[in-house]
Amino acid sequence: MLASPGMLHHLLPPPHLAFAVPHAGPGTPHHALLPLSRLRGHLAPLAYASSRRVRRRASGTTVRASVGEVAPPAPGAVSEEASTSGPTKFSMKIPVGDRHILVETGHIGRQASASVMVTDGETIVYSSVCLADTPNDPSDFFPMSVHYQERLSAAGRTSGGFFKREGRAKDHEVLVCRLIDRPLRPTMPKGFYYETQILSWVFSYDGIHSPDCLAVTAAGIAMALSEVPNKQTIAGVRIGMVNDQFVVNPTTEQMEDSELDLVMAGTDSAILMIEGYCDFLTEEKLLQAVETGQVAIREICKAIDGLVQKCGKKKMVDAIDLPPPELYRHVEDISGDELVKALQIKEKILRRKALSALEGKVITILSEQGYVAKDEPSGASENLADIIEEEDEDEVIVDGEVDEGDVHIKPVSRKPPRQLFSEVDVKLVFKEVSSKFLRRRIVEGGKRSDGRSPHELRPINSQCRLLPRAHGSALFTRGETQALAVVTLGDYQMAQRIDNLVDTEESKSFYLQYTFPPSSVGEVGRIGAPNRREIGHGMLAERALEPILPPEEDFPYTIRVESTITESNGSSSMASVCGGCLALQDAGVPIKCPVAGIAMGLVLDTLEFGGDGMPLILSDITGSEDASGDMDFKVAGNENGISAFQMDIKVVGITLPIMEQALLQARDGRKHILNEMSKCSPPPAKVLSLYAPLIHVMKVKPNKVNLIIGSGGKTIKSIIEETGVDAIDTGDDGTVKITARDLSSLEKSKTIIANLTMVPKVGEIYRNCEIKSIAPYGAFVEIAPGREVSRYQNLYFNFNIACIMHKGETPPLNDRCTWLIGLPRNECVVSTNKFLSNLFYRSFTIICFAYTMCRVYVTSVS
């Protein structure tokens, strides 16, 4: 077992000591004394596998600047701040939009490969990059993980949970992790297998400058400064559109009025990732927004390159381990015609099994049996014993004499040696060769694996009312991709709560949850909490559907959409958009317009495969075309505009003209899909299900809300128990929502609440009013169920009662009544408008006790 250089560093004594090292010469038992520096030179070849780590650590030293305080850097200039008691700090101001961001490195997180702090206003994001000491086994997936967390302490808060600390990543943190990961991965070189981890934390948040796009830029800077041999520097920005003007990195206040939310990342010359949503913007507007963002990204990347030249670490280029070049040719020779036939199989499962069988055959030949290429040159000479053949082995040679005729040369050709390769390398190369053959078939033959042309879409079929007890359901099938969408309607209690850095309680009345079980691709796998891919795809479909929903005032329901992928062969998130749109209609949600989604692919370098060199855009890509292609561009919207979009790039080189072509081709595809969705059979019901709850919205005066709630919620609880409704929700603005399962209970609760909150009108007569109680200053009369009034102003109401009269009497014509004493009790009229003495109060009390039922005539309301 060989010791790594890091271990030797701890085991060996300081350099000034000497070591006894065995002399290399044969037969020499004495030893030579070597200093440690020479000893390391002798041991270096023995630890070759770990020598890259030694070089990486050695190259990590920072450049020390002169001691002294330095003024804040000018925009684009690198400032060095050194101290005798601390590390050197490098800082730079980079212009972004109408302000600057501050980048600082070198003074914090020094044991990481690279770490930076990026500040925008008072929002601070810290990002670090670390690498493993030894490489992982080769694979076709770069071993990189991203973790992003918003510390509640950044906003002066703490967690409300029992442990009072942050737990697992929230959904919006997972989405930011994906925003960081997706643009960085295409810049990683093939053959670099050191596990890389990016950690990002929000340490300060001012509520004005969003930290998500800042985290993308911070991670790009940290990666550029580290030893990871990434190809290019990346940065990210957010683009909003306020008053028809594009804004780079808008504030949270500006985003409230923005018609566009676009987060994009790229290099100084190309776009790598875009994601966002908008209110049906045209393709031309979206391209203008992307162009604005690309200009901003270009300036940031140029500034980062200057910082890298000043304090960046040496890249681990020598750690890149690629398969042998000749292995590609061997795999093509062995698979050849069989691979072409396998790629022509239209059914996904059959094609996958054929490719798997062919891969096993190639692995067996190249890693177990050995392979001799057809045009391989002859190998080394055979052994003399194989070349020389004695004609008569029993012949005895006397006196050492040998007759020349007794020795003959074999007439056998020399055999070249068989080559063996590692199984991992063969698998990697087979996958690349398969992708190459698939791309060549598309470019040269103009046909894809399922026989379609580049612009052609797969067959579409859809049906609604599939589940009788669900509020709305739809099954959308496109080729071998299928999504079952189910809509559930509920009240405010079904809303999804959002916990974010801002100290406000927010909730979502519409959300979509996406599930991708392993059975959808015919595999066996673990079932558990939603993974990052499921969260990202669900959010994309949710954003695509949200613009078509009616206002909450018109449709006061909480809407939950579940999309379960039952089959998958590419573009399952866009199938969720189509299925979700149909399910919403089936649930009776009055949507503004139908929407559809489509995924676009790309073969960038067609010249390599016999094309004309122009990029080839593919409509409605399958899983194999996604894996083998250069782009996955998902676009959702209606016939006139875009509601949501997401683009992932696997190569560096996507430009605006390519995006424009993809967007226009996607628009044609959406029109075709919408036309096919209109043929849904059976069609959507477009009415509320019998099993959906009934929700009625009432508006009362805000100062009447307390009457509905009552002391400690006593009144509202009694209404729910008495009427049998599910829930009653009150708002500070006077909005009252009643949720019930049947119409009778809903109407009953409406009547009670209307009586509680009604305001008496001048000249209105309330009959059959019950006298509830008598006080020294007058009577309390119930003019409506639960609604009591008195002569004087009480705590809840402000109006005057002119007369309390016996049932059947006519109210007086004037505003004042006459106090009558001595009349029979069944004929008296009691006036409460005059100042009464104690005697009259007592008389009033006696009279009121005699009549339990009366009517009230209102003369004024104030």
Side-chain angles (χ1 to χ4, degrees), residues 238-247 250 254-264 274-293 457 474 476 485 487 508-512 537-555 559 561 563 571 573-585 589-600 619-620 633-647 656 659-678 684 686:
R238 168 177 270 109
I239 304 297
M241 190 175 74
V242 182
N243 297 326
D244 209 31
Q245 298 294 323
F246 296 113
V247 182
Q254 290 174 319
M255 284 304 300
E256 293 178 359
D257 301 324
S258 177
E259 301 177 41
L260 169 69
D261 186 359
L262 164 64
V263 177
M264 59 179 295
I274 66 170
E275 180 170 336
Y277 56 98
C278 50
D279 192 7
F280 297 107
L281 287 185
T282 62
E283 286 76 8
E284 293 75 17
K285 278 288 185 182
L286 182 57
L287 286 171
Q288 293 174 14
V290 173
E291 186 175 7
T292 302
L457 276 66
F476 179 83
V487 170
K508 292 169 61 176
S509 60
F510 170 70
Y511 50 96
L512 187 147
H537 281 41
M539 180 55 65
L540 176 62
E542 177 183 314
R543 288 172 172 175
L545 293 172
E546 192 169 10
I548 69 174
L549 297 178
E552 190 173 355
E553 295 77 15
D554 299 335
F555 195 75
I559 305 172
V561 181
S563 177
S571 189
S573 61
M574 295 296 97
S576 299
V577 174
C578 301
C581 178
L582 291 171
L584 287 172
Q585 298 178 71
V589 179
I591 63 173
K592 299 175 183 177
C593 62
V595 293
I598 186 172
M600 311 298 293
S619 296
D620 186 23
F633 192 6
K634 303 179 180 72
V635 187
N638 59 12
E639 297 178 352
N640 302 318
I642 298 171
S643 60
F645 48 88
Q646 183 186 91
M647 182 177 72
L656 283 174
M659 272 196 63
E660 181 179 9
Q661 182 183 351
L663 284 171
L664 296 178
Q665 193 166 321
R667 181 173 61 188
D668 296 336
R670 290 200 311 274
K671 292 180 180 180
H672 173 76
I673 298 171
L674 289 170
N675 182 56
E676 294 297 317
M677 289 170 59
S678 65
K686 296 186 178 182

Q. Side chains of S619 and M600: does their closest heavy-atom pair fall under 4.5 Å?
A. yes

Q: Go through M677 and F476 one step at a time and tell me if the side chain to side chain contact (heavy atoms under 4.5 Å, CB included) criterion holds.
A: CA-CA 9 Å; M677 289 170 59; F476 179 83; 4.0 Å; yes

Q: Kindly indicate, with the supporting measurements, whether the criterion side chain to side chain contact (heavy atoms under 4.5 Å, CB included) is fulfilled by S576 and H537.
A: CA-CA 9 Å; S576 299; H537 281 41; over 6 Å; no

**Q.** H672/I598 under side chain to side chain contact (heavy atoms under 4.5 Å, CB included): CA gap, chis, key distance, verdict
**A.** CA-CA 10 Å; H672 173 76; I598 186 172; over 6 Å; no

(Q) Using only atom types and a distance under 3.5 Å, with no angle test, would you say the side chain of E542 pairs donor to acceptor with the backbone of L512? (A) yes

Q.
Taking the side chain as everything from C-beta on, heavy atoms only, tell me whether M659 gets closer than 4.5 Å to I274.
A. yes

Q: Enter the distance from Y277:OH to L260:CG here, rounded to the nearest 0.5 Å.
A: 9.5 Å

Q) Would you say the side chain of F280 lies within less than 4.5 Å of the side chain of N638, judging by non-hydrogen atoms? A) yes

Q | Residue list, side-chain contact (heavy atoms from CB on, under 4.5 Å) with Q254, at least two apart or on another chain | A | V242, V247, P250, T251

**Q.** Contact summary for L674 and G637, nearest pair of heavy atoms
**A.** CD1-O, 4.5 Å

Q: Evaluate the side-chain proximity of F645 to L663: yes if any heavy-atom separation is below 4.5 Å, no if none is.
A: no

**Q.** Salt bridge flag under 4.0 Å for residues E546 and K508
**A.** no

Q) Between F633 and M647, which heavy-atom pair has the shortest distance, and what is it? A) CD1-CB, 3.5 Å

Q | Heavy-atom pair with the smallest gap, counting every atom of L281 and K285 | A | CB-CB, 4.4 Å

Q | Spacing of N640 atom CG and E283 atom CD [to the nearest 0.5 Å] | A | 9.0 Å

Q.
Let me confirm one number: the CD1-SG distance from I591 to C581, rounded to the nearest 0.5 Å.
A. 4.0 Å

Q: Let me see the working for I642 and R670 under side chain to side chain contact (heavy atoms under 4.5 Å, CB included), right down to the final yes or no.
A: CA-CA 10 Å; I642 298 171; R670 290 200 311 274; 4.3 Å; yes

Q) To the nearest 0.5 Å, how far apart are CZ in R238 and CD in E275? A) 10.0 Å

Q. Is it true that atom NZ of K686 has more than 12 heavy atoms of other residues, nucleotides or ligands lying nearer than 6.0 Å?
A. no

Q) Can you name the closest pair of heavy atoms from A485 and A583 and give their distance? A) O-CB, 3.7 Å

Q) Can you tell if the side chain of L545 reaches within under 4.5 Å of the side chain of V577, non-hydrogen atoms only? A) yes

**Q.** For M574 against A636, the heavy-atom pair lying closest together
**A.** SD-CB, 4.3 Å

Q | Side chain proximity check, S573 to K634, heavy atoms < 4.5 angstrom | A | yes

Q. Below 4.5 Å, heavy atoms only, C-beta onward: do L549 and L584 meet side chain to side chain?
A. yes

Q: Output the distance between atom CD (Q661) and atom CG (L656), rounded to the nearest 0.5 Å.
A: 13.0 Å

Q) Roughly how far, to the nearest 0.5 Å, is the OG atom of S678 from the CG atom of L582? A) 10.0 Å

Q. Does the side chain of P594 reach to within under 4.5 Å of the side chain of I548, using non-hydrogen atoms?
A. no

Q: Write down the atom of P684, the atom of Q585, and the distance for their closest heavy-atom approach.
A: CB-CB, 3.6 Å

(Q) Check this for me: D554, atom CG, are more than 12 non-hydrogen atoms of other residues, nucleotides or ligands nearer than 6.0 Å? (A) yes

